[in-house]
Amino acid sequence: MRIKCPLCGDRDSREYTYMGHETYLDRPGDEGWSADWDDYLHLRDNPAGVTRDLWYHGAGCTSWLLVERDTVTHDILRVELARDAKRGRG
Amino acid sequence: MRIEGYGRIDRDTPLNFSFDARNFQGFKGDTLASALLANGVRLMGRSFKYHRPRGVLTAGSEEPNALMEIGQGAARTPNVRATMQEVFAGLEAHSQNRMGPLRHDLLSVNDLLPNFLSAGFYYKTFMWPRAFWEQIYEPVIRRAAGLGSLSGQANPDRYETGFAHCDILVIGSGPTGLMAALTAAEGGADVILAEESAHFGGRLISEAEELDGQPGPDWVAEMLEALHETGRVRLMNRTTVTGAYDGGTYGALERVGLHLPMTPDLPQECFWRIHARQAVLAAGALERPIAFPMNDRPGIMMASAIRSYLHHHGVAAGRKVTLFATNDDAHRTALDLMAAGVEVAGVMDSRTDAQAQGDYPLFAGAQVISTRGRQALREITIRQGGSEQRIETDCLGVSGGWNPTLHLTCHMNGRPVWNEDIAAFVPTEGAVPGLTPAGACNGVYSTSRCLSAGVAAAGAALQAMGAKAPEMEIPEASDSPGKARALWLVEGKGRAWLDFANDVTSKDIKLAAQENFRSVEHMKRYTTQGMAPDQGKNSNIGALALLADATGRAIPETGTTTYRPPFAPVSLAAIGAGGQGKAFAPQRFTTSHEASVARGAPMIEAGLWYRPSYVPRPGEATWREACDREVTMVRTHVGVCDVSTLGKIDIQGPDAAAFLDFVYANMFSTLKVGRVRYGLMLREDGHVMDDGTTARLGETHYVMTTTTAAAGEVMKHLDFVQQCLRPDLNLRTISVTEQWAQFGVVGPRSRELLNTLLDSPIDNDSFPFMACGEVGVAGVAARLFRISFSGEQAYEIAVPARYGDALYRLLVAQAEALGGGAYGMEALNVLRIEKGFITHSEIHGRITAFDIGMDRMISARKMCIGKPAASRAGLQDPMRERLIGLKPVGAVKQLTAGAHLFEEGAAPVAANDLGYVTSVGFSPTMGHFIGLGFLSDGPSRIGDRMKMVDHLRGVETLVEICDPVFHDPEGEKLRG
């Protein structure tokens, strides 16, 4: 598998490590434990189809990437810097 | 038998080799199989189960029978296909899967027991008694079965791996592949042309065909010249593309040195990962056998293989050849042999309307119903209409038609589709994104149409890349795919083999169907059909057709098994090349490495780093003697230890303080410039991630240290927090672990030591505990930190790594002058256990701040990573296993890490388990073993006696639970 890093270009999957769904970008604001926190830490969908998740280009530019891919066809549909995605979400 | 004037071998270069210790001569350009055939050797191996005598069946990588052991001693390689192994001077080959000599294999007695050894025999027979399986059945079966044997020694040969990139990968170099490669290159693409054989050209080397009026091999040579001239084509022969993977990645195995006598400079094989934007599959087709009674004798081979040996190697596979075919194409074998002066005794064509294409005896509508000849074929019996007759022959060529070599199109879940016109499976469209099958592997069987298909496929690949397909001229070539009619099985007396390598017969398939293993996948596993080294390349389709017949279904309804990577066997040595021995993982060395080694210190691994275990002195017989001395030396004088392996992360920016407040549980924005603070880092789930000290060098400049083990993980975490959670903060982080060499100077005389080297001396008031700052050491700008991991007065001094070696030697020399010296990891560990300091032995991932008594460090005044999750009631339950110290108080004085804790009177079983020991060491300071561990409600149990049981090592010790800080609990020494 290959991922096209916005900074480094098309690179082998072994340069990346996987973290999980893009949910991790949306850290709840609650000060104490809450249902939102439970959701954030533990509850994930497991879609057959398009999903968006976070990858770390650890053996490259050390960017965190938001990768949109299809779990059925393994197509990589879109890659952007997680920093930019997070800024877009506020 | 060699035929003069035939073959592309170099008759001026004879090569001597041996097979089963007998010497033979071949020529440059021979394969082991062709050279043996030329020498009249037809018996090349024994079958897997029945130990039947077997000869070579094919001339390619699909060979199921002629599997041999090559080489000697540790370098011996089993299961090498004689059809792929090229002959070189001194080659040593041995037959395998036999007991005793090949001609008199003792286990061929199995051949008399076919009724007992049918499908499922092992499953049904060796069921009971259960204990017999490991001790008796399995060893005996393994001895009797099996395909070659390993040397049992480490492989001394060199292998390599590599990456390659191209625009268009062309797999196979027959007429389709050559045209595709030239089209792609002329269209401006960078091309890799991968060919499995030693020679390019595919079947054109093995046939008497003309292209543009010239012999096939001459046309191939011209094409290679043309490809070379484009300057865009990388020609890779002896390279099998073994797998198709996501994103245009292909695995390929190149046989680099296997065809030559061993040279130290050349690897045996290279495993390539090829990344291609587009690919053209031009893998050709494999001729398929017919299952007829006793079809496995040496001398029975594929009709196309006979042509290969004739045209490619100048070898006649027999003196009196017969053919059994279902199609026009195979008749070429008869014509070619006759042209070479070899007698053709008859062509049996199962089609009643078959036409002779030359002057040979044709038996239309005939089938071979039996064969004779113990060690090699002597005679066949044919049935034509109602009559039977025997024909004397030493070589029978068989052709049941052709199967497209579509294996790679299945590697990403593509299911082949049945094409009734050619009675074969063809690739499903779009099976592998970016891969276009073309030519014979796509079911196109005429040379002329293959040439056009190659041009079209490369044109499509170019267009997919946004390039323009060039105009190509298609060479003139034969356009007669011939007629064919499928024939899968000839019924008759005797066994009809399908899978030669695994000894699966038509009867086994029927038995599987009868016992309700009707799905292809079940049949395959029950009979082992297709599970031998050839992975069913020769037999899967035939077996499927028989299963369809036995279950009353059509072939498309019955389905097919698909093929997984690798296409051909790949040696693990090639896949794992570069990862043997020390190359398994990178080695990281500190700047003091040489000095430590010079002092005789045994170096131990700490992650990827190497650190001294201890630094022995003359007269010390054991590591414990050295360790005890080093601990005492540090407590009473001064010790020096390289601590550069700890992660060092430089953090700068206006928001550096806010960032640290967010990633650490405790506060860092309040830390004064010139001071250091211990920091506790949590994971978002509320458990401890890491700990370390962070120094504030300036208003907007911090240096964080991490544990050696977690340095990479923490760096990744900081990147995550910065980029994914808080991109609003303005700061930058970078790892400087390798840029700074850092040494601990530890003990009551540490300041005295430093003052011999510092440009301006320090004292306790100007540089108190937890101070930091810039200093000059022997004229070099350095950083000094007053921190302690031992409980003693201690400093860490950091210099740019290039000064590390010199500074370490200087520090050790000065320490020795003060009655101290260097110390290693063992002493470092004992010193920190004595002081109750934790490492990743304690913060192993399931531990909370509460568990280690640091919950109050989680600042109430700010948000931080892990704070909400750490507040969960379950993570603050007093009954959780919490940090304690322990010491032995009974007759047994030993403590062991990993042991569990029980009430004194309780049975040491899981239900009574109350805790466990994480770190132990003999404390010379205390005079006994001490340990750290976790115990349910631990802090309330201090002073209690408990039982420590190590079930693995068989140790049971009575212990007293105590405070984890054994040494200087008031902390006077580190402030002194």
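Order of the sequence lines fixes the chain letters, A, B, ..., with proteins taken first and strands second; residue numbering starts at 1 for each chain.
- Looking at A/Asp10, the atoms closer than 4.5 Å to chain B (heavy atoms on both sides) all sit in the side chain, from C-beta outward.
- Looking only at side-chain heavy atoms (C-beta outward), A/Leu54 and B/Phe720 come within less than 4.5 Å of each other.
- Going from atom OH of A/Tyr56 over to atom CG of B/Asp719 covers 3.5 Å, rounded to the nearest 0.5 Å.
- Other residues, nucleotides and ligands contribute only 12 or fewer heavy atoms inside 6.0 Å of the CZ atom of B/Arg856.
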Apply side chain to side chain donor-acceptor pair (under 3.5 Å) to the pair B/Lys716 and A/Thr62, showing each step before the final yes or no. CA-CA 8 Å; B/Lys716 179 177 168 183; A/Thr62 69; over 6 Å; no

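- In this structure, CZ on A/Arg27 lies 8.5 Å from CZ on B/Arg726, to the nearest 0.5 angstrom.
- Heavy atoms closer than 4.5 Å to chain A are found nowhere in B/Leu875, neither backbone nor side chain.
- Contacts between residues 32-41 of chain A and chain B, defined by a heavy-atom separation under 4.5 Å, are made by A/Gly32, A/Trp33, A/Trp37, A/Tyr40, A/Leu41.
- For the pair A/Glu22 and B/Cys724, the minimum side-chain heavy-atom distance is 4.5 Å or more.
- For A/Tyr18, the OH atom is densely surrounded, since the number of other residues' heavy atoms within 6.0 Å is greater than 12.
- Within the structure, every pair that satisfies the salt bridge (charged side-chain N to carboxylate O under 4.0 Å, His left out) test and touches residues 159-169 of chain B, not counting sequence neighbours, is listed here: B/Arg158-B/Glu160, B/Asp167-B/Arg277.
- By the neighbour-count criterion of 12 heavy atoms within 6.0 Å, atom CD1 of B/Ile734 is sparsely surrounded, having that number or fewer from other residues, nucleotides or ligands.
- Chosen from B/Gly686, B/Pro868, B/Pro727, the residue pairing most often with chain A at heavy-atom distances under 4.5 Å is B/Pro868.
- No more than 12 heavy atoms of other residues, nucleotides or ligands sit less than 6.0 Å from atom CG of B/Leu572.
- Crowding of B/Glu429 atom CD: a count of heavy atoms from other residues, nucleotides or ligands under 6.0 Å not exceeding 12.
- A pairwise comparison of heavy atoms in A/Thr73 and B/Asp246 identifies O-OD1, 4.5 Å as the closest pair.
- Looking only at side-chain heavy atoms (C-beta outward), A/Lys86 and B/Gln723 stay at 4.5 Å or farther from each other.
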Would you sort out whether A/Arg87 and B/Asp728 count as a side chain to side chain contact (heavy atoms under 4.5 Å, CB included), showing the intermediate values? CA-CA 8 Å; A/Arg87 282 187 176 137; B/Asp728 56 307; over 6 Å; no

Passes side chain to side chain contact (heavy atoms under 4.5 Å, CB included), A/Arg14 versus B/Arg273? Steps please. CA-CA 12 Å; A/Arg14 278 176 294 181; B/Arg273 288 169 181 86; 2.7 Å; yes

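- Looking only at heavy-atom pairs under 4.5 Å with chain A, the residue among B/Glu684, B/Met715, B/Met863, B/Lys867 that has the most is B/Glu684.
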